[in-house]
2 protein chains.
Amino acid sequence: MSTAEETTGGEVEPWEEVTPDAARRLLVAAVEAFAERGYHATTTRDIASRAGMSPAALYIHYKTKEELLHRISRIGHDRALDILRTASRREGTAKERLADAVGSFVRWHAGRRTTARVVQYELDALGPEARAEIVALRRQVDAEVRGIIEDGVASGEFDVRDVQGTTLAVLSLCIDVARWFTVNGPRTPEEVGALYADLVLRMVGAG
Amino acid sequence: MSTAEETTGGEVEPWEEVTPDAARRLLVAAVEAFAERGYHATTTRDIASRAGMSPAALYIHYKTKEELLHRISRIGHDRALDILRTASRREGTAKERLADAVGSFVRWHAGRRTTARVVQYELDALGPEARAEIVALRRQVDAEVRGIIEDGVASGEFDVRDVQGTTLAVLSLCIDVARWFTVNGPRTPEEVGALYADLVLRMVGAG
DNA sequence: GGCTGCGCTAAGCGCTCGCTCACCTTGGGC
DNA sequence: GCCCAAGGTGAGCGAGCGCTTAGCGCAGCC
């Protein structure tokens with residue numbers, strides 16, 4: 001269990017909060033389809049058939065295709081935020097906390113790449129209200145990383161001229177992992193996490 | 001003119017190679033639409049009406065909607081590669097060349113964000129042969145950046161353990177600019193380019 | 001053992017998609 | 001002044017989309 005936790009960057013088997021079982025199967029199918037082809041290129045028939053059900057079954061558990069994306073995005077952002085908060089609020093120096101935050105955040109983007117891809121790149125497919133809700137979560141993600149960097153600057157551990165710009169760059173680096181990472185590649189999520197943590201420490205002058 | 005060149009990261013008014021005029025207007029309209037809503041969410045009617053033409057006019061100049069994306073992606077990648085090659089082959093130390101490459105590459109992604117967005121994020125919408133052609137160009141992009149980093153390591157200017165991994169991270173950082181940058185934001189393309197060049201030099205141990 | 005309600009399916013509605021086709025307009029050559 | 005190619009339009013085709021509806025099978029209760 002704890003091994004699996006480490007390899008995925010935090011969670012054993014996700015979506016356990018989604019019930020009943022048929023709703024979860026549909027949601028998992030939607031994550032895979034959205035990650036592979038994108039939200040707009042995915043049909044409700046494709047999602048249903050991946051879940052082993054008829055097209056109409058989707059509408060028993062979800063009002064629209066967009067509600068599926070919203071649920072996925074919401075749960076994914078909650079999880080991402082949880083990962084960063086855990087790293088941010090542990091004991092230790094700012095350097096240790098930043099390395100932990102970047103390492104686990106990157107492991108999540110690499111290890112749970114299908115989810116991360118949907119979460120990070122399908123935001124624009126949401127309607128205005130749903131998008132506003134998610135954007136608020138993203139601001140909290142930004143605040144969490146910025147907080148660690150500010151702590152490091154205050155304690156003298158870090159040497160950063162533009163805190164907000166550096167925060168943006170750190171998150172940017174982590175998020176883009178979801179775009180290029182593939183399980184067929186030469187690196188494991190752990191290796192990428194360790195490399196990126198090291199690079200980020202250099203970026204803040206603590207390498 | 002040279003001012004404009006600097007603000008956009010390299011080019012004054014692009015797409016000049018696309019003729020005749022109607023074909024260029026359609027292509028520019030497609031870039032805007034694809035960048036705003038994504039390839040699959042864009043309709044041929046939307047593209048044509050942005051160009052001030054009827055839906056059927058598109059098919060006089062392009063065989064399919066996908067051919068439009070292919071042309072955009074090809075020209076955009078050529079331009080991106082050109083920017084990196086120019087920086088890579090200028091005279092100067094590896095440190096200067098890497099700062100120049102990252103600075104101009106980032107300025108292009110920020111200043112010509114609509115194009116960059118399509119180029120970097122709509123690759124999967126291409127068919128197999130077209131995608132293969134673009135993937136080859138991307139390998140050349142990677143090689144150009146890796147070359148500079150290898151030069152810096154060889155000359156002792158850089159301290160990099162994992163050259164390929166660091167190359168990936170540098171490109172990743174630059175590319176993700178196209179995802180988050182907005183003209184309404186607080187930073188100009190020049191400012192982001194300068195900040196990112198500085199951060200990248202730190203990543204390679206030359207900050 | 002019959003009834004009820006829930007989860008699901010088969011069929012299909014209305015719509016919009018990418019794309020086509022028959023026809024129209026226009027500017028240059030003779 | 002007439003012709004024709006090039007470049008455009010209006011109308012619409014077949015297909016596939018998101019989503020709905022009528023009804024089926026079956027587990028649980030009396």
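So you know, we letter chains A, B, ... as the sequences are listed, proteins then strands, and number each from 1.
- In this model, a donor atom of one side chain and an acceptor atom of the other lie less than 3.5 Å apart for Gln140(B) and Arg85(B).
- Taking atom CZ on Arg25(B) and atom C1' on dG8(D), their separation rounds to 11 Å, with Å as the unit.
- Using a 4.0 Å cut-off between a side-chain N of Lys or Arg and a carboxylate O of Asp or Glu, Asp142(B) and Arg138(B) do not qualify as a salt bridge.
- In this model, the phosphate group of dG18(C) is approached by a side-chain N or O of Thr44(B) to a distance below 4.0 Å at OP1 or OP2.
- Atom CD1 in Ile60(B) sits roughly 14 Å away from atom C1' in dT26(C) (whole-Å rounding).
- Nearest nucleotide to the Ala56(B) side chain, out of dG18(C), dG8(D), dG10(D): dG10(D).
- With rounding to whole Å, Asp21(B) atom CG is found 12 Å from dG7(D) atom P.
- Of the side-chain N and O atoms in Tyr59(B), one or more sit less than 4.0 angstrom from OP1 or OP2 of dC19(C).
- Separating the NE2 atom of His40(B) from the P atom of dG18(C) is a distance of 11 Å, rounded to the nearest angstrom.
- Rounded to whole Å, atom C1' of dT20(C) lies 16 Å from atom NZ of Lys63(B).
- An OP1 or OP2 oxygen of dA10(C) is reached within less than 4.0 angstrom by no side-chain nitrogen or oxygen of Ser54(A).
- When the P atom of dG18(C) is taken as reference, atom CD1 of Ile47(B) falls 8 Å away, rounded to whole Å.
- Taking only side-chain nitrogens and oxygens, His61(B) comes nearer than 4.0 Å to OP1 or OP2 of dG8(D).
- By the 4.0 Å N-to-carboxylate-O rule, Arg79(B) lies close enough to Asp82(B) to be salt-bridged with it.
- For Lys65(A) and Phe34(A), the positive end is not near the middle of the six-membered ring at less than 6.0 Å and at most 45° from its axis.
- Atom CG in Leu26(B) sits about 14 Å away from atom C1' in dT9(D), given to the nearest Å.
- Taking atom CZ of residue Arg45(B) and atom C1' of nucleotide dC15(C), one finds them 11 Å apart after rounding to whole Å.
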